[in-house]
Number of protein chains: 2
Amino acid sequence: MSVQLPIHQPGLALVRGPDHACAGDPAASHDKPLRVGDLARLTNKTVRALHLYEELQLLEPLERSKGGFRLYAGDSVTRVRFISKLQDLGFSLGDIREIVRSWSAAGSAPDAMARMRDLYRAKLEHTRAQVERLRALELELAASLSYLETCDTCDPNRLIASCCSCDKRATDEAAPELVAGLSAH
Amino acid sequence: MSVQLPIHQPGLALVRGPDHACAGDPAASHDKPLRVGDLARLTNKTVRALHLYEELQLLEPLERSKGGFRLYAGDSVTRVRFISKLQDLGFSLGDIREIVRSWSAAGSAPDAMARMRDLYRAKLEHTRAQVERLRALELELAASLSYLETCDTCDPNRLIASCCSCDKRATDEAAPELVAGLSAH
DNA sequence: CTGAAACCTCACGTTCGCGTAAGGGTCAGA
DNA sequence: TCTGACCCTTACGCGAACGTGAGGTTTCAG
């Protein structure tokens, strides 16, 4: 058995106050460096995942120890959480690689900002649409549930095949797709 | 080049009125049968996907033509859309197989209903949580965007590395993680 | 009766995001 | 110095959801 399972938090207390993990922050480098296991604990990732992010050039240790151990600065926590959030937004790791590449390859600051704005604007729209779709599904789930509620009073010997055309139900009451689909071929 | 790309709708007009695709509906079987390509068009899936669903026992043609062509009834559209919605809710095809198996294997109707209710209730909670997470991300995206707006007035020669500690910005204005992460290591 | 479009069954290939060994070195406290 | 907890690289595996031929058959409009 290895230690690859997401490890549960030990003494967790963020290196410094939250909401203040900006890059190039001079104070960050004065802390004792994090080893990959520490970073994994702090970000709730596995060591393997962090290695992968490095392979894909999404993450890089500040330096290596004499013996080859990866040593991270405190802002790597921000970096990893940044990666996770982009993942949650629907970006693949490859997408994220392109994003950070385009960021650091930009000629000027306003140029980089403009690209990010376009990207984030598009993703914002997409995210809103996604939320709408999920909320619609949520409503349909709720409708299906209330539809199924009425079945509590049903005769236990009744056959399942007849569920969709039940005489206990008004004929104009259509079954939601999440219920109707169960008996369709 | 093959014809596996999702084909755009032709004359699409659902076989009968919408919201009325209940299983065992006698009228449905009188329509001319759908072939797999038709079903693909109507559901916006590829033929290969429908074949896969059949392999996994999620979908079954009403019958086969003399020559072996799959022939579907109208309610297969409902079935496929049902599958898609469950997928959108986060169920894998394997999960869905279990769901329909458990449905048709249930002893009695109320029994089957009860299981579905439990399942749907759990998924409803999970979906609501998912919506909340997405909405939080949406807010953060919006915050990041407005943060990036202020960069429009920036000097084009300014370096990207200094973006997070910009003198044009109040020092107490922390960068959102979606921005800060870009410059973190 | 034809020909093109659509269909059939294998069966291997692909992308993603890691998991899981194997076979070693390193670090830090007692 | 020892030892146990961590870390290193390399590399194969996996489950999900199809994509993509290959090689051959069936339909159906004209």
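Because the structure is a prediction, the values reported are computed rather than measured. Residue numbers begin at 1 in each chain, while the letters A, B, ... track the order of the sequences.
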For B:R115, is the CZ atom crowded, meaning more than 12 foreign heavy atoms sit under 6.0 Å from it? yes
Distance in angstrom units between A:E54 CD and D:dC8 P, rounded: 8 Å
note: B:L56, atom CG; D:dA17, atom P; distance rounded to Å ~ 9 Å
Just how far, in rounded Å, is P of C:dC16 from CG of A:L86? 16 Å
Is A:L93 touching bases, backbone alone, or none of the nucleic acid, heavy atoms closer than 4.0 Å? sugar-phosphate
What integer distance in Å separates A:F91:CZ from C:dC16:P? 15 Å
Side-chain atoms of B:R48 come closest, of D:dT9, C:dC12, C:dC18, to C:dC12
With a 4.0 Å limit, can you tell me whether A:R97 has a side-chain N or O closer than that to the phosphate oxygens OP1/OP2 of C:dC16? no
Would one find a side-chain N or O of B:H51 under 4.0 angstrom from OP1 or OP2 of D:dC18? no
Roughly, in whole Å, what's the span from CG in A:L34 to C1' in D:dC6? 14 Å
Inspect the contact between A:E55 and A:R48 and indicate whether a charged nitrogen and a carboxylate oxygen are less than 4.0 angstrom apart. yes
Can you find a heavy atom in the side chain of B:I99 that is under 4.5 Å from one in the side chain of B:S102? no
Go through D:dG19, C:dC7, C:dC18 for me and flag the one nearest to the A:Y53 side chain. C:dC18
To the nearest 0.5 angstrom, please state how far the CG atom of B:L93 sits from the CG atom of B:L56. 6.0 Å
Protein proximity profile, nucleotides 24-30 of chain C - base contact B, sugar-phosphate-only contact S, no contact -, cut-off 4.0 Å on heavy atoms: -BSS---
Do any side-chain nitrogens or oxygens of A:T46 fall under 4.0 Å of OP1 or OP2 in C:dC18? no
Salt bridge between B:R101 and B:E98, side-chain N to carboxylate O under 4.0 Å? yes
Between P of C:dA6 and CG of B:L39, the distance in whole Å: 15 Å
Using whole Å, what does the distance between atom C1' of nucleotide C:dA6 and atom CG of B:L50 come to? 14 Å
Distance in angstrom units between B:L52 CG and C:dT14 P, rounded: 18 Å
State, to 0.1 Å, how close A:G74 and A:L34 come at their nearest heavy-atom pair, and which atoms those are. CA-CD1, 4.4 Å
Taking only side-chain nitrogens and oxygens of A:R70, does any of them come within less than 4.0 Å of OP1 or OP2 of D:dC8? yes
Per salt bridge (Lys or Arg N to Asp or Glu O under 4.0 Å), A:E54 is matched among A:R97, A:K45, A:R64 by A:R64
Checking D:dC8, D:dA17, C:dG17 against the side chain of A:V36 (C-beta onward), the nearest is D:dC8
